[in-house]
Amino acid sequence: MKRILIAGGGAAGISAALAAAETGAEVTLVEMDGGLGGDLFSGMPLLGAFTAKGMQISHGVLDELLDSCRKIHPAGVIGPVCDYRTVVGLCLDPEVLRLAVCRLIGEHHIKLLLNTMIIGAEVRQGVLESVRVRSKNSEYILPLDAAVDATGGGYLAAMCGCKVFFGSEDKTFQPASLIFRMCGVDYGKLLEHIRNHPEDVLLCENSALPADRREAAELLERQGMPYAAFSAESSLLAPAMKAGRLHPCTAAFITPTAPERGEVCLNVTRASGVDCSDDAAVSGVLPVLAGQVIRTAEFFRKEMPGFADASVSHVFHKCGVRESGRIEGEAVLTHENVISAAVFPDAVAQGCHHVDIHGSGTAQIRIPVRDGLAYDIPRGALCPRGLKNVFAAGRCISSDRGANGSVRVMGTCISTGQAAAKLAAEI
């Protein structure tokens, strides 16, 4: 039986583990945190699974996850929802998703090693033969036949000798954030405000979607889910930022997570100028971001339509990092490949999210994929140069910074995790 190691228990690692188990392999999933999921259980939408036109491009593991969610609680799958700005996001109840993932890990008999760190790698002639791991009370060797690096930063590949690129050319990174959720939100009042004030939200940025802002706002209200981004220049956010009641941000991104609880996920906080390859630097901004959560929640209750009776229901347990390391692969997915909807003969997965690069303050670059289509991800982008049995998945695959601004989202991470597992099983 083939022994496949999965390094990292986020969206890409979970997908890789489930896909590897489907091949009949003996799968070990190593995660340095005390729980699974990474950002998967934050409440953020799964982007990159559906094109702007609403076509599902990720199947297999994603379908299995959705089926498991529906069995636990049908209302946990809100479904693909369009923001009429540029994307269709797959919105889910993160707590139902958490239970679904744990159930599937058990059903597939995946060996789960939490609170465990990979601290060494034995490589001979480009073949990773084993890794040394350390838990809280033990240290030992894990032999393997193939591995998937789903660490988010290419850390296993780097340990094996692969070159990894961090951030931009001058090693700047997109801002870190702290995601939180609020319940008791009146969806109807919020959507009514959007319909009456379409200028307050980001709309009509993708040629594949309606071009008239008022029409887009009406369609958004009609679907009944407050999946929207309130602009930094809106009548609500701009005065608050100017007066110091709210920190500068490009937008207040709102995602529905549980209509029965009136719950939404909020992506509003940001800390710029953080070296996201440095754990100490990321850790140091947690109090800053927590303070932003407190002020943002207060602002929303006082001034955002539909939030008068809302309360904070969940604060994510760690800072969200948008980018860290990207491996040097046998092929490089480029910015131009993404926005032109490139096709590759050796494609192993697809993505469809726009190039999305957050900057400091209110800055953000958003460039949609041509005509609302999908782009191919070539096999070589998952293959660390010089390694024969290690494959990358998630945001650390081989890409330039622009393309990384697209592939980093969770729907695409699920797709590349599944693809990397299949490549590992073929070794």
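Counting from 1, the numbers follow the sequence of the chain as shown. These numbers were taken from a predicted model, which means no experiment stands behind them.
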Between Thr116 (side chain only) and Ser135 (backbone N and O only), is there a donor and an acceptor less than 3.5 Å apart?
no
Can you measure from CZ (Arg3) to OG (Ser130) and round to the nearest 0.5 angstrom?
9.5 Å
What heavy-atom pair brings Thr255 and Gly43 nearest, and what distance separates the two atoms?
CG2-O, 3.8 Å
State plainly whether the residues Arg181 and Glu95 are in salt-bridge range, i.e. N to O under 4.0 Å.
yes
Can you tell me if Thr151 uses its side chain to pair, donor with acceptor, with the backbone of Gly8 under 3.5 Å?
no
Please determine whether a side-chain nitrogen of the Lys or Arg among Glu139 and Arg132 lies less than 4.0 Å from a carboxylate oxygen of the Asp or Glu.
yes
About how many Å separate CG of Asp63 and OG of Ser68, when rounded to the nearest 0.5 Å?
12.5 Å
Would you compute the distance between atom OG1 of Thr412 and atom CZ of Arg408 and round it to the nearest 0.5 angstrom?
10.5 Å
Using the salt bridge (charged side-chain N to carboxylate O under 4.0 Å, His left out) criterion, which residues pair with Glu31? Sequence neighbours excluded.
none
Within the distance-only criterion (no hydrogens, no angle test), does the side chain of Arg213 pair as donor or acceptor with the backbone N or O of Val201 below 3.5 angstrom?
yes
Closest non-hydrogen atoms of Leu190 and Pro226, given as atom of the first, atom of the second and distance, are CD2-CB, 3.6 Å
Any donor-acceptor N/O pair, His247 side chain to Ala271 backbone, under 3.5 Å:
no
Side chain to side chain donor-acceptor pair (under 3.5 Å) with Ser324: which residues, sequence neighbours excluded?
Arg395
Which heavy atom in Leu40 sits nearest to a heavy atom in Ala11, and how many Å separate them?
CD1-CB, 4.0 Å
Side-chain donor/acceptor pairs under 3.5 Å, residues 103-113, sequence neighbours excluded:
| from | atom 1 | to | atom 2 | distance (Å) |
| --- | --- | --- | --- | --- |
| His108 | NE2 | Glu64 | OE2 | 2.6 |

Which residues satisfy the ring-ring contact (aromatic ring centres under 6.0 Å, His included) test with Phe50, sequence neighbours excluded?
none
Report the C-alpha distance between Asp39 and Ser42 in whole Å, list the side-chain angles of each, state the deciding distance to 0.1 Å, and finish with yes or no for side-chain hydrogen bond (donor to acceptor under 3.5 Å, both in side chains).
CA-CA 5 Å; Asp39 295 326; Ser42 65; 5.4 Å; no
What are the two closest non-hydrogen atoms of Ala232 and Thr362, and how far apart are they?
CB-CG2, 3.9 Å
Residues 77-90 vs side-chain hydrogen bond (donor to acceptor under 3.5 Å, both in side chains), sequence neighbours excluded, gives Asp83-Arg85, Thr86-Asn206
Kindly write out the residues that satisfy salt bridge (charged side-chain N to carboxylate O under 4.0 Å, His left out) with Arg366, not counting sequence neighbours, or none if the list is empty.
Glu205
Lys/Arg-Asp/Glu bridge criterion (N-O < 4.0 Å) met for Glu323, Arg401:
yes
